[in-house]
2 protein chains.
Amino acid sequence: MSLYQATASAPVNIACIKYWGKRDTKLILPTNSSLSVTLDQDYLKSTTTSRADPSFEKDQLWLNGSEDEIKPGSRLETCIKEMKRLRKQEVEDKDPSAPKLSTMHVRIASYNNFPTAAGLASSASGFAALVSSLAALYALPVSPSTLSLIARQGSGSACRSLFGGFVAWEMGTKADGSDSLAVEVAPQSHWPSLHAIICVVNDAKKGTSSTSGMQRTVETSPLLQHRIKHVVPQRMADISKAILQRDFDSFARITMQDSNQFHAVALDTDPPIFYMNDVSKAIVALVTEYNRIAIEKTGKRKAAYTYDAGPNAVIYVEQENAKEIVDMILQYFPDAAANFKDVFGLYANDAKKGAVIPGFNEAVAHKWEQGVKSIIHTKIGDGPRTLGESESLLGANGMPKTLA
Amino acid sequence: MSLYQATASAPVNIACIKYWGKRDTKLILPTNSSLSVTLDQDYLKSTTTSRADPSFEKDQLWLNGSEDEIKPGSRLETCIKEMKRLRKQEVEDKDPSAPKLSTMHVRIASYNNFPTAAGLASSASGFAALVSSLAALYALPVSPSTLSLIARQGSGSACRSLFGGFVAWEMGTKADGSDSLAVEVAPQSHWPSLHAIICVVNDAKKGTSSTSGMQRTVETSPLLQHRIKHVVPQRMADISKAILQRDFDSFARITMQDSNQFHAVALDTDPPIFYMNDVSKAIVALVTEYNRIAIEKTGKRKAAYTYDAGPNAVIYVEQENAKEIVDMILQYFPDAAANFKDVFGLYANDAKKGAVIPGFNEAVAHKWEQGVKSIIHTKIGDGPRTLGESESLLGANGMPKTLA
């Protein structure tokens, strides 16, 4: 008897044009389009193994080794149901000899390799890996955009993790959500020198969840409507063009403006939502000063910060400038050196020591103790990968393997 | 020979609908109307003595005992010139026997009684006191609204310090600014129980000046235009109505929403401007939690925070609830007790100790050491006052007196 099983991994994505607000909370249809960069899954990824077996008595899922209940009506249940529906419609109905996997229960084991307490959202990579592993298990002859329609219903931004490189989530206009999907703007290979420096920031308390926060913004922020209608459409067009032209300066400008505008509409919410803290703001000040010097010299920006629903900074930079950014962060947050894995060999055998570029006004921020917990240096990456049998997270006994 | 001299004092005002953006930087014409509460000048005020004398060889001004140069083309020079013009037009041209004070130079001494390093803007009360003292010196038969046209050219928000109580600065539409003036919405006596608790917040660094910051917002924030055209006009109408009805709940809601929106458009500026820090945000969380309980019990808010171009919080509250607010601030910022002058006798002979109301979720913020430097408890106040000879800041020798 065959073992029906597949394993896939999926990457994290970080938005440049932010998703904030749903027009349909059940189908997860956004109030505006968004655009992201997919990060290299060699460093940050979710891996998921899905197995179908006639002996399974119910659908079950384990996340990082602990069982997560699949509640009726939950987003998780919706995704699994939709994938089974696609299996039946696209495979079994067309080929009567295909095994009836859509009628079997599944066991799913998922694992995030993120550094402990990194405070990085895992729902995007998690749902993308789930959908990708089920798509492989079911041998679905469908495009990543079609899969993105289902991942979107798990977690909105998950739809963007179905592609590598630069990805747009087109908001769509249909009530059933069938045109609210992810498309590739440019593949990883278009701009392989794009790096990301993630500064994991210490935070005293957990902020408002993005799910509840964004709907409060939709309900109470007068500014959000203007953003949706009059700002985002132009920014989507402008940043897509900047990406296609590898115009880092425009890419950086729009990315920073849109990060700031997302946090502005969060603040315009009643009661207000704050995600950036004083450390986040210090990093904004550092990148602004770094760019000031770059603009003075060449007329162009060299770095772009962006902040999601938390205090962590992601700084996009061309590979050749990555060391200057890490140097700068270490100068102001020296404690971070202990938690910085220098995967690109910036420091070779040198001490991981801070520095700023010539002309830098060091007074734009003060030095912090324990402001930045860790630095993750990564780069633009590819989309979901189907992995071999050896990578399976489920053991022969149908239970999750214990990972070291 | 007569001594031509007058002394006046003027209050601080704190905006509920914020002024942020000029449509004319020379005339100081705003992009939107604003509305403020005048604070009691028994606690916070600027006092100014103006003297005209044929022996003076130039106009001179001393601020807190140090001479401030009156630069050609400066806002200070404009105000003095405009006041002399009014003297000539309204008095000397109509009454040939009136002394020709408009032709004499003036000496002006001004003094702010603000607690040292309170970080409170003094330009509003300062220019209001300057204009008021010159108006008294020149015996101008003009209304406070007319004087507000001149104070506005010294510092925009100064025009609102020409009245007590609740004051609107109507943006006007004329290019010459002749209809951009302050009007009284309601006098102090309309709502005498309105108190203000000012939390002076420690700040590591000086933020962007409001003069340069607001123009950067005008030039770069896409959201500001929406605020100006579509949000502020309705809020001006709504908060005026709330004030006239002494509807604290609506007054509080609109005040907090507009403070947040001002900081939102500052954040939407490129590069972004941040005025609130983590302490400011902790106070927002405390007031939000305090109001949550009030709303649960009575459906109405009991406190309203507002933040200007800095981290200090001003909390409006009805007198009967003032102690609960000070208690709450002292609970989270116990160091502030040492710099809290209990002018309303909230604690009588009791220790100034923190407390929160029943049901308060204490986890909404953590306790801070030295987050709040001092607490100033004050209340709604009256407009500029003309003071007696004994209050003069200029000595018989025509030089500023040394104040203790």
Side-chain angles (χ1 to χ4, degrees), chain A residues 203-208 217 220-232 234-235 252-254 256-282 284-285 287-289 291-292 295 301 305 307 311 363-368, chain B residues 203-208 217 220-232 234-235 252-254 256-282 284-285 287-289 291-292 295 301 305 307 311 363-368:
Chain A
D203 202 18
K205 65 173 202 64
K206 179 77 188 128
T208 310
T217 302
T220 65
S221 166
L223 299 181
L224 181 69
Q225 297 308 317
H226 186 75
R227 162 172 171 73
I228 290 169
K229 288 190 205 115
H230 302 291
V231 181
V232 171
Q234 189 62 48
R235 283 190 180 163
R253 177 179 50 78
I254 301 166
M256 292 187 283
Q257 285 173 337
D258 208 69
S259 173
N260 292 327
Q261 187 166 92
F262 150 48
H263 291 278
V265 297
L267 214 166
D268 190 47
T269 302
D270 186 20
I273 302 168
F274 300 94
Y275 288 118
M276 297 170 76
N277 64 20
D278 285 353
V279 172
S280 316
K281 286 154 49 183
V284 166
V287 172
T288 301
E289 174 64 8
N291 279 333
R292 184 190 65 77
I295 290 169
R301 293 163 187 81
Y305 55 75
Y307 295 81
V364 297
H366 65 83
K367 284 199 186 196
W368 290 75
Chain B
D203 203 18
K205 64 174 203 65
K206 179 76 188 131
T208 311
T217 302
T220 65
S221 167
L223 299 181
L224 181 70
Q225 296 309 316
H226 185 75
R227 163 173 170 72
I228 290 168
K229 288 192 206 114
H230 301 292
V231 180
V232 171
Q234 189 62 48
R235 283 189 180 162
R253 176 179 50 77
I254 300 166
M256 292 188 282
Q257 286 173 338
D258 208 69
S259 173
N260 292 327
Q261 187 165 94
F262 150 48
H263 292 278
V265 298
L267 214 166
D268 190 46
T269 301
D270 187 19
I273 302 168
F274 299 96
Y275 289 118
M276 297 170 76
N277 65 18
D278 285 353
V279 172
S280 316
K281 285 154 50 183
V284 166
V287 172
T288 301
E289 175 63 8
N291 279 334
R292 183 189 64 76
I295 290 168
R301 292 162 187 82
Y305 55 74
Y307 296 80
V364 297
H366 65 83
K367 285 198 186 196
W368 291 74

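Reckoned from all heavy atoms, side chains included, excluding hydrogens, waters and symmetry mates. Numbers restart at 1 for each chain; the letters A, B, ... are given by sequence-line order, proteins then strands. If you're wondering where the values come from, they're calculated on a predicted model, not measured in any experiment.
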| request: Determine whether A:Tyr305 and B:Pro272 make a side-chain contact, defined as any pair of heavy atoms from C-beta on separated by less than 4.5 Å. | output: yes
| query | Looking at A:Val265, A:Asn260, A:Asp268, which hits side chain to side chain contact (heavy atoms under 4.5 Å, CB included) with B:Leu223? | reply | A:Val265
| task | Could you tell me which portion of A:Arg292 (side chain, backbone, both or neither) has an atom closer than 4.5 angstrom to a non-hydrogen atom of chain B? | result | neither
| remark: Max heavy-atom pairs within cutoff under 4.5 Å with chain A, candidates B:Pro271, B:Ser221, B:Pro222, goes to B:Pro222
| request: Quick one: pull up CD in A:Gln261 and CG in B:Asp270 and give me the separation to the nearest 0.5 Å. | output: 11.0 Å
| query | Can you find a pair of side-chain heavy atoms, one from B:Gln257 and one from A:Thr220, that are under 4.5 Å apart? | reply | no
| query | What's the spacing between B:His230 NE2 and A:His226 NE2 if we round to 0.5 Å? | reply | 8.0 Å
| note | Most contact-rich option vs chain A, by heavy-atom pairs under 4.5 angstrom, among B:Asp278, B:Val287, B:Asn291, is B:Asp278
